[in-house]
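Please read the structure below before turning to the comments.
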Amino acid sequence: MTFDAEQFKENLTARLRRQYGKDISQANKHDLFDAVSASALEIIMPNWMETRKAYEAKPTKQLCYLSAEFLMGRALSNNLINSGIMDQVKEVLKGMNINYDLVEDEEPDAGLGNGGLGRLAACFLDSLATLEYPGHGYGIRYQYGMFEQHIEDGYQVEYPDNWLKHRDPWETKRSDLAVTVKFGGQIKYGKTPDGQDRFYLENAEEIIATPYDMPIVAYGSNTVNTLRLWQASSPNGFDLQLFNDMQYHRAVERQNDAENISRVLYPNDNGPMGKELRLRQQYFFSSASLQDLIHHYVNTVGTDFSKFHEYHVIQLNDTHPVVAIPELMRILLDEYNVGWDDAWNVVTKTFAYTNHTILAEALEKWPIDVFQRLLPRVYQIIEEINRRLVIELRQKFPEDYYNQNHMAIIHDGKVYMAWLAIHAGFSVNGVAALHTELLKTQELKNWYTLYPEKFNNKTNGVTQRRWLLSSNPELAEFITKRIGHGWEKELSLLKGLEKFADDEASINELIAIKRHNKEKLAEYLKHTQNEFLDPESIFDTQVKRLHEYKRQLLNVLHIMYEYNRIVEDPSYNPPAHTYIFGAKAASGYRRAKAIIKLINAVADRVNNDRRVRGKLRVVFVENYRVSVAEKIIPASDVSEQISTAGYEASGTSNMKFMMNGALTIGTLDGANIEIVEEAGEENAFIFGLKADEIIKMKSEHTYNPQKYLDRNPQLAKVVNQLVDGTYDPSGMLFKEIHDSIVYGVEGQPADVFFLLADFDSYCQAQEQIAKEYADQKTWARKCLLNIANSGKFSSDRTIEDYVKDIWKLKKVTVK
Ligand code: 26Q
C-alpha cells in the first residue's frame, strides 16, 4: 500500500480534532490509539473497496466461515504489519514524539471467543486473505466478550469484558444491510399476495440483525476481506406509551430482550450449555448470514438456485451454526418456492462441517420443546429431514435397531445437531490426524460406515504473521537474516534454518533472543501483577482453557512433588524452574475453579518458602488472552501439552510454542503427534499412555489408580497433601479434587483422566528437561530444529488443504 507520511499525520490530527476536540499535546493514550487506527484504516479502505469490487466484477465461489466465535485479539499491529506500513507509521509517530508501543497497548482485545476454536477462526481469516481467496467470516458482535478474569484470594472472579466501552475504530456499521430474523410464532399455510401457497409464520417476534464489518488485511497483497458480525436490536424501539405511563422498565423491556441476543459470549469451552438464549444466538447469526448470502446470490446470479453451490460454500465451525442447514431449506422452500428435492440438492452441496471435539458433553443437542417453541418452522423442516434419514437408515442398517434410533437426528426427546451436520453436509473433518481417526473408528463410527466419502482430516495451523513475525520480532529478524524473506508467506521455507543447527554463532544468538524475550516477560509481569520472574530459570508454561482433560492438575501435582523433594533433600539441586500458568475456567465449572485455587495456593506456599528460593517458582498469569499469549509464548522454554491421550482434538498453542522455539513436553495426543513427527522425537519430551491404551483400559474397565498410589509413596504423599492442610488449613478446599482422583465422584470412576497412571512418566520427562536444559547449546539446537520444522503448522497450509479438498476456491487478485 502506498504510504504518504504527511497525509497520515494530517488524518491523525484531524481525527483528534474532530472526535476529541484535542491537538496532539492534549491527546491521551486512548485518543492516540483511536486516531492512529482510524488513520491506518483510511489507508486500508481503498483496498477493501477494491476487493469488494473485484469479487463482484467476476462472480466466483466465495467461502462463508460461519462461527459463533472469532478470537481476533488486537488489530492495530496486525493490520500495520500486514499492510506493510508498520515502519513508516512508527517513523511518523516518533517524529511526533509518540511511543508506538504505548499506543499499541491501549487496544482492548476483541475477545469474541473462548479458546482454540475461536482463535483458529481468526487465524483462518488471516490466511484466506493473505492467500488471496474470497473467504469471509460471519459471526456475532458480542457486546461483552470473554470475561475478564481477576484472581482474588487465589480464586477466579469474573468481570464483564466491556471491550466496546470506547468505540471500536476498526468496525463499520452497515445499517443498509440489516435483515430481520424471526422467532416463535405459529406456522400457517396459505396464499401469498402473488397467489402462491406457502408456509409462513404468524405472530413471530422480529429481531433486527445489523452487520458490523471488520477488515481482514492480507499480508503482502491488496486483498482485504471482511469479518461480518451481527448485532441484535428490536424493530420497535422503546414503548413510548409505557414510558408515559411511568412504566420505565417495561418501556425498554422489548428492546433489552432483543439486544440480549448479542449481549454476551457464553464462556463455555468444550462444555455443556443447554440455554435457550444460546440457541437464539445460533439461529440469529446463522439466519442473518444466510439472508446475506441469498441477497448476494439473487443480485448477482438470480433466483435459479441450482447453481447456488457454485458460488457459495459454507463451513460450519463445529455444531454452533448447524441450524443454518434447515434455515437454508426454509428460505428456499418458503421464500423462493423451491421444491424439497431441489432445495435439498442445494443444501447438501453447500455445507461442510468441522468437528473440534470428541467430548460427549460438547456435542450439542437441544430439547425438542425448546427448539419447537423457538423455531417452529425450522423444527418442522428438521422433522422432515429426519423422516427421510430414518428411511435411509432402515435400508442401510436393517435389524440394527440401535443405529436406527441412535443415528436419528431427533431421538430421546432431543435434536442432535452433529447428526444433522453430518447427514446434510458434504464434508466432515477432524482437526488433527489422530482426532479424525478417532472420529472414524470411535465416536462417529456408524456415520463413517454410512458416509465414508465425507470424512477427511484437516490438521489445524496458526498464522505465522501474528504468532512469529509480529509477536517475536527478534526471532523473525534472526530467521530473515539467515534464509531471507519469503517464510512470512511460505512457512515451509523455515526448513532452511536446519543448516544452522551446528553454527555456534546462530545458536548463541538464539539463546540471547530467548533470554531477551524472557526479560521482557519478567518486566511485564513485574509491572502488571508485581510478580518476580528469574530469566535465568526455565520458563515452563501451560496456557490454555482450564479443563480436567488438559490436566493442569498433573502439572501441579508434579510441582508439589518437586517442592517436597527439594525441601526434603538439601543436596538435590535442580536448575531453577519457573512454572507459568494462564487459564480461564468456565464460570459454572466448579472443579476447574478449584484447580485454579490450587495452583494459586501452591504458588503462595512455594514462592514464600526460603528453602526453595531460587529453585522453584509458580506464577499464575491473570486474565490470559490473545495479547498476553503474544508475550508469554516467545518467552517460554517449555511448552506443556499434557492432555490425556485421545482427548485434545488438536491443540494450536502447541504449534505457536514450537514456532517460537519452545520444546514440547507432551502426550501423543492431537497435533502433538504430528509436531513430533516433524521435529523428531529426540527434540521433544514425550511421555504417558497412548490413545489406544487409554481406550482399551476404559472399555475393559482395567484401570486401577490405587495401584499407582501403593507403588509410589511420593505420589501418595502429594495426593494426600491435597487434604492434609499443607495447602489449605481447612483441608476442605481441595477435597473434591482429591476424591475425584482417589475415589471417583458424582458416579464417575476414580481418576477418569489417568493422572496417576501418567505421573511417573511425566516426572521422568521433567527430569530429562532439567538434565538437558543444563547444556544450553544442545538445548538451543533442539529449539532451532523445532523452529525449522514447524512449517507444516502454518494456517496457510491448512487453508490450502481446505481449498483443495473441500472449498474449491479460486484466487482473486486485487489490483
Ligand atoms: C457448546 C454448547 C453450548 C455452549 C458452548 C459450547 C462450546 C463452546 C466452545 C463448545 C465448544 C467450544 C470450543 C471448543 C474448542 O475450542 N475446541 C478446541 O478447538 C481447537 C481448534 O480446532 C482444537 O485445537 C482444540 O483441541 C479443541 O479443544
Side-chain angles (χ1 to χ4, degrees), residues 65 67-71 111-124 139-140 142 145-146 264-282 315-323 353-367 370 414-418 421 429-436 438-439 457-463 543-551 583-589 626 641-657 666-667 669-675 691 793 795 798 802:
Y65 199 80
S67 177
E69 306 189 7
F70 287 93
L71 193 40
L112 310 184
N114 273 284
L117 167 151
R119 184 54 231 176
L120 184 75
C123 285
F124 279 6
I140 300 175
Y142 299 107
M146 189 59 209
V264 55
L265 168 78
Y266 277 105
N268 302 61
D269 172 284
N270 277 306
M273 249 312 306
K275 289 277 191 306
E276 180 176 327
L277 180 58
R278 169 115 180 142
L279 182 56
R280 272 183 194 270
Q281 291 186 333
Q282 297 184 346
Q315 191 69 35
L316 301 167
N317 201 18
D318 217 293
T319 50
H320 317 155
V322 164
V323 68
Y353 159 65
T354 305
N355 174 289
H356 293 266
T357 186
I358 44 187
L359 294 188
E361 62 266 33
L363 283 184
E364 290 187 294
K365 33 188 187 290
W366 296 101
V370 172
K414 291 182 277 287
V415 185
Y416 286 75
M417 302 310 277
N429 78 279
V431 290
L434 172 70
H435 172 57
T436 302
L438 292 176
L439 291 179
N457 175 246
K458 293 289 165 283
T459 297
N460 284 165
V462 304
T463 169
V543 283
K544 48 184 79 258
R545 286 303 291 264
L546 210 136
H547 209 291
E548 286 166 281
Y549 83 77
K550 295 178 187 283
R551 298 201 296 191
K584 287 178 179 174
S587 26
Y589 190 171
V626 171
Q641 309 297 340
I642 61 179
S643 52
T644 313
Y647 281 90
E648 189 69 273
S650 161
T652 42
S653 77
N654 45 3
M655 303 168 183
K656 297 164 195 164
F657 279 106
T667 49
D669 196 14
N672 296 352
I673 296 174
E674 292 159 76
I675 285 178
F793 304 105
S795 44
T798 312
Y802 275 91

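Just so you know, these numbers come straight off a predicted model, no measurement behind them. All ligand and atom numbering here is 1-based and tracks the order in the structure.
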query: Just checking, any donor-acceptor pair under 3.5 angstrom between side chains of Asn457 and His435?
result: no
message: For Glu69 and Asn317, which I'm curious about, is there any donor-acceptor pair between the side chains at under 3.5 Å?
response: no
query: Can an N or O of Val431 be found at a distance shorter than 3.5 Å from an N or O of ligand 1?
result: no
N/O separation below 3.5 Å, Glu648 to ligand 1: yes
Interatomic spacing from CH2 in Trp366 to CD in Gln282 - rounded to 0.5 Å: 5.0 Å
task: Work out whether the distance between some heavy atom of Tyr647 and some atom of ligand 1 is less than 4.0 Å.
output: no
query: Taking the side chain as C-beta and beyond, is there a heavy-atom pair between Asn429 and Thr436 under 4.5 Å?
result: no
message: Taking only non-hydrogen atoms of Asn268, do any sit less than 4.0 angstrom from ligand 1?
response: yes
query: What atoms of ligand 1 come within less than 4.0 Å of a heavy atom belonging to Glu69?
result: 8 (C), 9 (C)
message: Suppose we screen for ring pair (Phe, Tyr, Trp, His ring centres under 6.0 Å). Which residues come up paired with Tyr802, at least two apart in sequence or across chains?
response: Phe124, Trp807
task: Return yes if some donor-acceptor pair links the side-chain N/O of Asn268 with the main-chain N/O of Ala586 below 3.5 Å, else return no.
output: no
- prompt: Any heavy atom of Arg119 sitting closer than 4.0 Å to ligand 1?
  reply: no
- prompt: Who gets closest to atom 4 (C) of ligand 1 by heavy atom: Met655, Met417, Arg278?
  reply: Arg278
message: On a heavy-atom basis, I'd like to know which of Ser643, Ala671, Gly116, Gly651 is closest to atom 23 (C) of ligand 1.
response: Gly651
Numbering as shown, the atoms of ligand 1 that approach Ala649 to under 4.0 Å (heavy-atom distance): 26 (O)
- request: Would you mind finding which of His320, Arg545, Lys550, Lys458 brings a heavy atom closest to atom 10 (C) of ligand 1?
  value: His320
- prompt: Below 3.5 angstrom, do we get any N/O pair linking Leu117 and ligand 1?
  reply: yes
message: Quick check for you: to the nearest 0.5 Å, what is the distance between Tyr416 atom OH and Leu363 atom CG?
response: 10.0 Å
message: Check this for me - ligand 1, Asn460, N or O atoms closer than 3.5 angstrom, yes or no?
response: yes
- prompt: Does Asn114 offer a backbone N or O that forms a donor-acceptor pair with the side chain of Asp269 under 3.5 Å?
  reply: no
query: Is it the side chain (CB and beyond), the backbone, both or neither of His356 that lies under 4.0 Å from ligand 1, heavy atoms counted?
result: both
- request: Would you kindly specify which portion of Trp366 sits under 4.0 Å from ligand 1, judged on non-hydrogen atoms: side chain, backbone, both or neither?
  value: neither
Numbered atoms and elements of ligand 1 in range of Tyr549, under 4.0 angstrom, heavy atoms: 28 (O)
